[in-house]
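Down below is the structure, laid out as structure tokens.
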Amino acid sequence: MAKKVKLAFLSFAHMHGYGYASQLRALPKGTVEFAGIWDRDFARAKKMAKLLGTKAFAKREQLLAQKPDGAIVCSENVHHAEDAVAALEAGAGVLCEKPLAPTVADCRAMIAASKRTGRPLMTAFPCRFLGAVLALKARVDSGDLGRILGVCATNHGRQPGGWFADPKFSGGGAVMDHTVHVVDLLRWLLKREFVRVHAAVGYNRFRLTTQAVGKRRVDDAGILSLELDGGTVATLDCSWSRPAEYPTWGDVKIELVGTHGVAKLDAFRQRVLVASKATGKQVERCFGDEASGGLGGAFVQALAANAPVPVSGDDGLAATAVVEAAYASAQSGLPERISAL
Amino acid sequence: MARLNSPSPLRVGLCGAGMMGATHAAAYAGIPGAKLAAVWDTDLKRAEALAARFGGTVYAHRDDLIQAVDIVDICLPTPCHLEQIQAAAAKGKAVFCEKPLGRTLEECDAAIGACKRAKVPLLVGHVVRFFPEYRTLRNTILNGDLGDVGVLRMKRVVCSPGPAGSWYWDFEASGGCVLDTAIHDLDWLNWTLGRPASVYGVGFRDAPSLKDLAYLTLQWSSGAIAHLESSWSHDTFATSFEAAGRDGIAEFDLRDCAALQVAYTQAASDGGGNVVPESPLAKSPYQAELEHFVAVVRGAAKPLIKPEEAREAVELALACLDALRSRQPVRLPSRRGGPSARTAKPRARALPAAHPE
């Protein structure tokens, strides 16, 4: 029987970390073991350690000294590079929460560390593993839609509050938070790179932002107009426009208009609507699933087999390059070129 | 126009017996104050077929039709609008004209001038203002339920409106989906939020393969932004909108409003089993629109759509086409007062302009 993959968690600042941990725990028995948790917030590390049945470490070095095979980085965006590089240098492969980092420069440093150490760096783009998304990918790959002319996409969300709405820790607001998922999906689906972006950005447009960020100026509304090489055009609404009263957190929707057909993806549409005394307003219970253990499973499989990770650091960098150019466009008011490489 | 005050119905002369002409003819059948009296079309057979269904005398010559009626209703291709409006106004007839008012601002100005000089009413068919869902959204925004609007999304996509070679696919004539189809939403946005400060767009356009697609972004000086999806390249007709503001969100999708769906099992075996979802209304928006026009002509109502607003919708659509062509944002000249005053009021905390100079 193959050796267990030993995993370390570097911070649970991003709530997705808990999702990844649950996903990893659900893998077949004997697949993974947890080395422990380190967090800049030690109280949170202790709480999560209790929840996941593992140890909390006060210092990152102490945890990395346990020689984990892999590290899952879910710290605040601005700490991704530091945490990922430390893990890579300690010999751990890294699965890093999206965005890979808030700047292209940080992404480059992480990729360089991965090359230097020979340890893999994977960007957490979990949408690639959703059943509905994989079904769309099969249709695009079949060629039945013809050439894709236009893409109209949304990745709406609630204002997450906390450090997400503090550019000191996040690097930006809604554009930083909700651009990269769809950008990555489109690069992967269409096998094309983004070359140009225009960003119309709104600041402090929603009530939750006002409550969560006080006087800080945060972009919470954004419409990006994008061009890919080969001529496909796309728009993406990345706004935090879902109020607390909304029945769900948001959406990932992509409509592809091809020369021979139209495909509409609503990635989280497989759901049961529940309204009860317990839930109050109507809520959604999603039943859509993910292929083979999803993102976490894919990371562990790659580590165990010493195989390349299915989503690379370069993929993370390419998405961050779009974000960086989008913020430049919001500043200049003009479309900006995107150059990832 | 002595008949305007008489109880007998106003005589409507319909110019153009295509799809929109037939829609109007059906609507007049439900309006007691008007009746379809005359029909004219360059295709005489088409005019005869329409008259056979809805009544009215078929005229072979347009000027004879104008002579015989009180109202001239123009459902012709866009490039024909101006000449038709001028001919009707010259004879002192009230004019209803399908959108867009003209292909160019010069045409719009000439049309408005002709009706002003002749002192005849001119109403342009921005029928979306009469659609109850769009009226509900407008009221929801204006009564403050959503707070200041942050992001609007509007969608209006259709299959190819005509075969290859039809006037629709001559972009010089029709302006494509932006001037012919998106103009509904552009007018609604102008009407509800006031004129945007700038527009940008990306799209794809190729007449030979019947493709026209535009994704437009509009920005207001208030900080609000809107996305508008317009297409003649879709598999089906679809409209939807969403408005998210400081305090809440409003959404509509025509596909989710299918109050009635009927499908015939027999038809399925003939290969015609398509379900056509219906959202039944007591009065079609087209009838509401034309009823309003009849009331305007009788002097019983103030026009809900001013000719200048129809011109502004064309101005906005042309700015969008400029942005698509130049691949650069296009600013719109600011305008004194106007309907923007309410939603575009300066915020307590000043936010930066959408496009810094």
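Each chain gets a letter, A, B and so on, in the order the sequences are listed, and its residues count up from 1.
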Neighbour count >12 (heavy atoms, 6.0 Å) for atom [atom1], [X]:
X: B:Arg138; atom1: CZ; result: yes
X: A:Lys168; atom1: NZ; result: no
X: A:Glu245; atom1: CD; result: yes
X: B:Met19; atom1: CE; result: no

#### Entry: Chi angles and distances behind the side-chain contact (heavy atoms from CB on, under 4.5 Å) call for A:Thr154, B:Glu242
CA-CA 12 Å; A:Thr154 62; B:Glu242 166 189 317; over 6 Å; no

### Query
Does B:Tyr215 use its side chain to pair, donor to acceptor, with the backbone of A:Val151 at less than 3.5 Å?
yes

### Task
Considering only heavy atoms and a distance below 4.5 Å, find which of B:Ser209, B:Gly248, B:Gly245 pairs most often with chain A.
B:Gly245

Minimum heavy-atom separation for [X] and [Y], please, with both atom names.
X: B:Ile249; Y: A:Arg242; answer: CD1-NH1, 3.4 Å
X: A:Cys152; Y: B:Arg153; answer: SG-NH2, 3.6 Å
X: A:Leu334; Y: B:Pro329; answer: CD2-CD, 4.1 Å

### Task
Indicate whether any N or O donor in one side chain lies under 3.5 Å from an N or O acceptor in the other, for B:Thr217 and A:His198.
no

### B:Leu213, part contacting chain A, at a heavy-atom distance under 4.5 Å
side chain

#### Entry: Contacting region of B:Ala224 [heavy-atom separation from chain A under 4.5 Å]
both

Relative to chain B, which segment of [X] carries a heavy atom at a distance below 4.5 Å: side chain, backbone, both, or neither?
X: A:Ala234; result: backbone
X: A:Thr232; result: neither
X: A:Ser239; result: side chain

### Query
Can you find a pair of side-chain heavy atoms, one from A:Glu227 and one from B:Val202, that are under 4.5 Å apart?
yes

### Query
Under a 4.5 Å cut-off applied to non-hydrogen side-chain atoms, are B:His234 and A:Glu255 in contact?
yes

